[in-house]
Trainee: 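Mind having a look at this structure? Questions to follow.
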Amino acid sequence: MSNKLLLLMCVAILAASSKLVGQTCPENIGFENGNFRNWKLFTGLTTLYSNKNVIYTNEVASPAPGRHSIITNKAEKDYYGGFDLIPKNGGNFSVKLGNNGTGAQVDGVSYLLNVPSDRPEFTLTYQYAVVLEDPSHPLEEQPRFIARVKDLEKNEYIPCASFEYVATSSLPGFKKSKVNASIIYKEWTPVTINLSGYQGKQLLIEFISADCALGGHFGYAYVDVDNLCGDLIVGNTFCKSADELNISGPSGFQFYNWYNADKSVKYGSGQSINIKPTPPEGSKIILDLVPYAGFGCPSSITSVVHSVDYHMQVLEKNTVCQNAEIDLTSSNYILNKSDQFTYLVYQDKDLTQQLTGLVKIQQNTKYYIKATNFKGCESVATIDINVFDLANTTVKSPLTACFDQTVDITNDQLYSSLEGISRSYFTDDKASKPLLNPNAVKTSGTYYVLLANNYGCNKILPVQVIISPKPLLNISNPVAVCYPNTIDITSSKIFVGNDPTFKYSFFEDAALKNPIHDPQHISKTGSYFVIATNAQGCSVNGKIDVVVNDLPVLAVKDPAAVCYPEKVDLTNQNLYLGSSEKLSYLFFSDEALTDKVSNPKSISKSGIYYVKATNASGCYVSDRINVTINSLPTIVLNKPKAIFDYDFIDLTAAEITKGSKDFSKVSYFHDALLTRPIADPTRMNKAGIYYISLQNEKGCSVSAPIELNILPQPKIVVPTAFTPHKETNNKLYPFLVSIQKLTSFKVFNKWGILVYQTDLASNGWDGQFKSKMQPLETFSWFAEGIDAFGGKFQSTGKTILIL
């Protein structure tokens, strides 16, 4: 189940001045191993629950990329705040929790701290820097940073050491980013956690950064923990020789007031003050602390003034062999060493460049020893360490020799300051394997000279011997060329990977007696020879094979002209009879051979084309091919007007082909394949589709269909009898042939009386007149209409009404 963490922030209590000296803190609590050893890592999410900000986290086995970051570059600065990513008075590493990504992410680390049981007064100092985006959400939704301490025995956080920094521009010490005004940041601030009274207990130190709970804004922080754990008030212990007491309290508070034991004397205000003269031995000093509103608890802390009478005594000078490793904090050098003091070694008088562990002595050097007890008393002394003159003896490597030479590393000219020094020669850096032939070394490598003087000091110096091996001559035969091109056998491409100092000479014969006069223009296939000499004068020879290929023979015949839409096949081998065998052909539309013909088997456009013929050696020649594709006549057929079948249409009339162009002959056919000629195209009186072909002088022809509309002659047909009482033929209708409209249909009885008339062919006479059926007799009819071409047409006849 996830750990539920409330967002809190440890009260910021400034670490002591540079004179604070404390006891070493737990391993890697300051990340000085450059990793997260002994730290636990967490990732998670922040959300809202009952209008409260809640964080859910899970432990992860390894750092989350971009979320748990060890910072190592002291020159790197934060993008938004511009401050250093590692505090100037901190260690060599810091940790970044979170990033400028969003998504309601939470990132944290924790450290299990065992407070020493013999330290009733105990502090832990760290520094932090924060970058928070301020979207002006409600407080519970804002990004934040947490630093807190948990008492595991009580399973509760220490109240006055647990606070919450929530993104808001009113936070003390925060500034607005110049990069983005919606981002606030706080530069590195030291914090001292007062853990006095927790001796022998387990405490959990936690640092957490959290994004906006809505997931759209970020927050991240940097943390660096000091590796020394000291007292809350620093400087209460002084050396007896001091005439004033420099005392400092923790920072992060708004007001500081210093008093004597009964508060009858106020020493001063501020985080650090000087009390002069020093208070009496054993007197008590009281410091009243008033925090910023909402960021701590008012408190009063005390400290007892003590003096220490300690003056460190050291061995002022000492002479050692070069490269000797010595412990300058040992009793060999500190003559009155005390267990009550911590001893640090520095290589500068300002005590800024600390040395740890054994010090390797390579030259005459002055070192500075500082003794400090955990109450703040300190003493500094200087030690001069000298090395014997053996340190001045040097050796230089001999000149590089050729592969057939040897090197003498016993040559005195290779050495300096040899007086009183003996030499021995070895093949290993431990001087355990003697070199048998130091005056005639044949193999390249590092050899070692053991120098010894009368004081028993030894020094081993390396001697680098380089014996040039037989030069290796790499030859890459030049790429074959095609005549009339030539080959440059001096080209650097032929000698890739060779010694850059090589000088080359070129010869026609293997005996290397006939120099080539112009090696940059070899025009003949054959083997040529080269001597290569390096900077040491060592030579080697080799052979260069040159190939100059002949050009192919290309014979080109222009293809026969064709008529559109016929196409020409440029790949037809008959066009290249007489050319060299086994050529490959490519075809182009330009003489420069850059515009490749995409489909040379199907050329549909007249013009000049180019063929490139390449033989097996890659040599090619090109030539032009003339392609002629004759165009077709332009055919335009105009459909003649429709006629009745008693008339004729003349297909040869000029109006039929009006608009056609570029033709010299016209033919007429019944079918699309043009296989059945029309016998007399001048007298066409049968409707249908016919075909006309046009041919030009090049013999290219084109054809198109033409439709003839020939209608039957107009008729109005009326039955000669009808029977009104039967189911069929019960009305007298006029039937129209080639008549587009009936204008009148009249029926008369035998006395000439009009018994029926209509202008609609669909309305037939039912045999009645004035609603009375007419008798069996012969009736006359008259019909008139408009034919298909708009002419008036009349017709008459008789019909019998049969009852």
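Counting begins at 1 with the first residue of the sequence.
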Trainee: Charged N to carboxylate O below 4.0 Å: is that the case for K96 and D107?
Mentor: no
Trainee: Applying ring-ring contact (aromatic ring centres under 6.0 Å, His included) between F218 and each of Y80, F145, Y79, report the one that passes.
Mentor: Y80
Trainee: Side chain to side chain contact (heavy atoms under 4.5 Å, CB included), that's the test. Do I247 and I273 meet it? Break it down for me.
Mentor: CA-CA 6 Å; I247 194 165; I273 64 171; 3.6 Å; yes
Trainee: Quick one about D428 and Y447 (side-chain donor to acceptor, distance below 3.5 Å, no hydrogens or angles considered), yes or no?
Mentor: no
Trainee: Step through it carefully: locate the ring centre of F207, locate the ring centre of Y111, and say whether they are under 6.0 Å apart.
Mentor: no
Trainee: Is there a side-chain contact between I409 and Y425 in this structure, where contact means two heavy atoms from C-beta onward sitting under 4.5 Å apart?
Mentor: yes
Trainee: Step by step, would you call K186 with Y128 a side chain to side chain contact (heavy atoms under 4.5 Å, CB included)?
Mentor: CA-CA 8 Å; K186 188 173 186 182; Y128 72 96; 2.9 Å; yes
Trainee: Less than 3.5 Å apart, any donor N or O on the side chain of D78 or Y222 sitting next to an acceptor on the other?
Mentor: yes
Trainee: For N336 and Q313, indicate whether the former's side chain and the latter's backbone hold a donor-acceptor pair under 3.5 Å.
Mentor: yes
Trainee: Taking the side chain from N114 and the backbone from Q202, do they hold a donor-acceptor pair closer than 3.5 Å?
Mentor: no
Trainee: Starting at CD of Q354, measure out to NZ of K370 and round the result to the nearest 0.5 Å.
Mentor: 8.5 Å
Trainee: Will you find, in the side chains of K284 and N260, an N or O donor that is under 3.5 Å from an N or O acceptor?
Mentor: no
Trainee: In sequence, state the C-alpha distance, the side-chain angles, and the governing distance for S264 and D262, and then conclude on side-chain hydrogen bond (donor to acceptor under 3.5 Å, both in side chains).
Mentor: CA-CA 5 Å; S264 61; D262 59 2; 2.6 Å; yes
Trainee: Could you walk me through whether L451 and R423 pass the side chain to side chain contact (heavy atoms under 4.5 Å, CB included) test, one step at a time?
Mentor: CA-CA 5 Å; L451 307 175; R423 288 172 287 168; 3.4 Å; yes
Trainee: Any chance you could lay out the salt bridge (Lys or Arg N to Asp or Glu O under 4.0 Å) test for E27 and R37, step after step, and finish with the verdict?
Mentor: CA-CA 8 Å; E27 181 189 1; R37 178 180 174 84; 3.0 Å; yes
Trainee: Could you check whether K175 makes a cation-pi contact with Y185, meaning its NZ or CZ is under 6.0 Å from the centre of the six-membered ring and within 45° of the ring axis?
Mentor: no
